[in-house]
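Have a look at the structure below, then the notes.
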Amino acid sequence: RVGHIEQASRLFNQLIENGLAPNNFTYNSIIAAHCSVGDTYIAFKLYDAMVKSGLFPDLSTYGALMMGLCKEGKMQEAHSIFREMLGKGLIPDKIIFTILIDGHLRNGDIEQAFKLWTEMGEKEILPDVVAYTALISGLCKRGYMEEAHECFTDMTKKHIFPNNYTYNLLIDGYCKDRNLASAFELKKEMVERGLVPDVFTSNILINGLCKQGSINSASRIYVLMPTKGVFPDIVTYNTLIDAYWKASDMKQAVDIIDTMSWSSYSPDIHTYNTWINGLCNTSMTQQALEFLDSLVATGFAPD
RNA sequence: GUAAUACUGGAUUUU
């Protein structure tokens, strides 16, 4: 789950060498790990081994496999696994449907997503907050803010209550739709409903303000974060660094790096890319190249 | 003869 797949694989092989038989739990864990990094090839090999050993893949197994295929954009294959699952007599649940709906939305197929949503309703499977949030996310990402907000009202009517994920997604949607007023209105609403805005909320608003050119307002939120018990993370820093570079304010960008060096966060690939991009866009291509070289020299792998 | 409210599949932000 924490992404140490190689180590997990080694343990898995040791387990077999020691004559122990993996069970569904073992297989599901390792299949899910491979799927989450987009390695469905190995996941399916494990699935075959699982079946061969006489185990019966369950909803977790199929969910993980379908998720992996969705991530790779192989929606047809995800559906054929779905059919295979049905063929084995397994009854899909809301999680299976959410995986497929989310997959279609990420691949830009809103129509298919709604078709599955309807199918889910026909099977009398009730969507939960995650299912609704996935749907809202897909709509927001495609710019269908009105529709997204309708789903939001709809879920509340059904007493499925929006959580931080739901609010953060909608707030981000409004920010990207250049509707900061609605974004802040929602933030206020989430507090009124007893939710506690988190670092995602802050990052979303900071990014929204930066992208519309209000770096000072963004900076104010950033500075006030700790007073609300929310602490900047690597995304906060990267967002601000990018904004300062884009505003040609290299001094402030360096300032953030400085602050970051005193924090528990280290620069990541986004930070380096942002920095290189900043140098390039301010006619410092030579410095960008040198910086890249120095990074590579320390063993950093550019993407 | 002993062990658990433990462990596996779904949704949010930055280049």
Side-chain angles (χ1 to χ4, degrees), chain A residues 1 8 22-36 43 46-47 50 57-71 78 81 85 90 92-103 105-106 116 120 127-141 148 151 155 162-173 175-176 183 190 197-208 210-211 218 230 232-243 245-246 253 256 265 267-281 302-303:
Chain A
R1 184 144 41 90
N23 59 16
N24 270 29
F25 185 88
T26 330
Y27 271 110
N28 289 347
S29 301
I30 198 140
I31 286 174
H34 283 101
C35 288
S36 70
L46 287 160
Y47 168 78
M50 181 179 181
D58 54 23
L59 290 181
S60 293
T61 325
Y62 286 108
L65 290 169
M66 284 162 49
M67 167 110 189
L69 292 168
C70 288
K71 274 207 163 121
I81 294 299
M85 190 192 94
L90 287 170
D93 62 1
K94 63 190 174 193
I95 297 185
I96 293 290
F97 273 101
T98 306
I99 292 169
L100 283 175
I101 289 167
D102 182 58
L105 290 168
R106 283 182 202 277
L116 282 163
M120 178 165 71
D128 62 3
V129 62
V130 178
Y132 264 103
T133 304
L135 186 61
I136 289 171
S137 164
L139 292 169
C140 285
K141 294 268 160 23
C151 290
M155 70 189 282
N163 60 18
N164 276 27
Y165 277 78
T166 325
Y167 272 101
N168 288 341
L169 263 159
L170 266 173
I171 292 172
D172 186 52
C175 284
K176 301 227 156 90
M190 80 187 277
D198 54 21
V199 68
F200 281 78
T201 323
S202 302
N203 290 344
I204 288 163
L205 292 170
I206 288 171
N207 185 48
C210 286
K211 293 292 187 291
V230 181
D233 65 6
I234 185 69
V235 175
T236 322
Y237 296 129
N238 289 343
T239 307
L240 288 167
I241 290 168
D242 182 57
W245 268 113
K246 294 217 159 90
I256 299 288
Y265 295 98
D268 64 2
I269 186 134
H270 291 281
T271 323
Y272 293 131
N273 287 342
T274 301
W275 206 264
I276 290 168
N277 191 39
L279 288 167
C280 288
N281 288 334
D303 67 358

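Every chain is numbered from 1 and lettered A, B, ... according to where its sequence line falls, protein lines coming before strand lines. No experiment lies behind these values; they were computed from the predicted model shown.
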Check your understanding: Could you give the CG-to-P distance, from A:L59 to B:rU8, as a whole number of Å?
Key -> 15 Å
Review point. Between the side chains of A:N168 and A:T201, does any donor sit under 3.5 Å from an acceptor?
Key: yes
Exercise for review: Look at all strands and tell whether A:N281 reaches a base, only sugar-phosphate, or nothing, counting heavy atoms closer than 4.0 Å.
Suggested key: nothing
Check your understanding: Tell me, for nucleotides 10-15 of chain B in 5' to 3' order, what letter each nucleotide earns: B for a base near a protein heavy atom under 4.0 Å, S for only sugar-phosphate near one, - for neither?
Key -> BBBBBB
Check your understanding: In whole Å, what is the span from the CE atom of A:M50 to the P atom of B:rG9?
Key -> 13 Å
Exercise for review: Please work out if A:L205 contacts a base, only the sugar-phosphate, or nothing of the nucleic acid, heavy-atom cut-off 4.0 Å.
Suggested key: nothing
**Study point:** Rounded distance in Å between the C1' positions of B:rA3 and B:rC7
**Key:** 15 Å
Study note, to complete from the structure: Those residues at least two apart in sequence (or on a different chain) that pass ring pair (Phe, Tyr, Trp, His ring centres under 6.0 Å) with A:Y62 are A:Y47
Practice item. Taking side-chain contact (heavy atoms from CB on, under 4.5 Å) as the test, write out the residues that go with A:D268, two or more places apart. Key: A:I234, A:N238, A:H270, A:T271
Exercise for review: For A:A148, check side-chain contact (heavy atoms from CB on, under 4.5 Å) against everything at least two apart and list the hits.
Suggested key: A:I136, A:L139, A:C140, A:L170
Review point. Which whole-number value in Å describes the distance from A:I30 CD1 to B:rG9 P?
Key: 13 Å
**Study point:** With sequence neighbours excluded, residues passing side-chain contact (heavy atoms from CB on, under 4.5 Å) with A:A134
**Key:** A:T98, A:D102
Review point. Can you list the residues that meet the side-chain contact (heavy atoms from CB on, under 4.5 Å) rule with A:L59, with sequence neighbours excluded?
Key: A:M85, A:L90, A:D93, A:I96
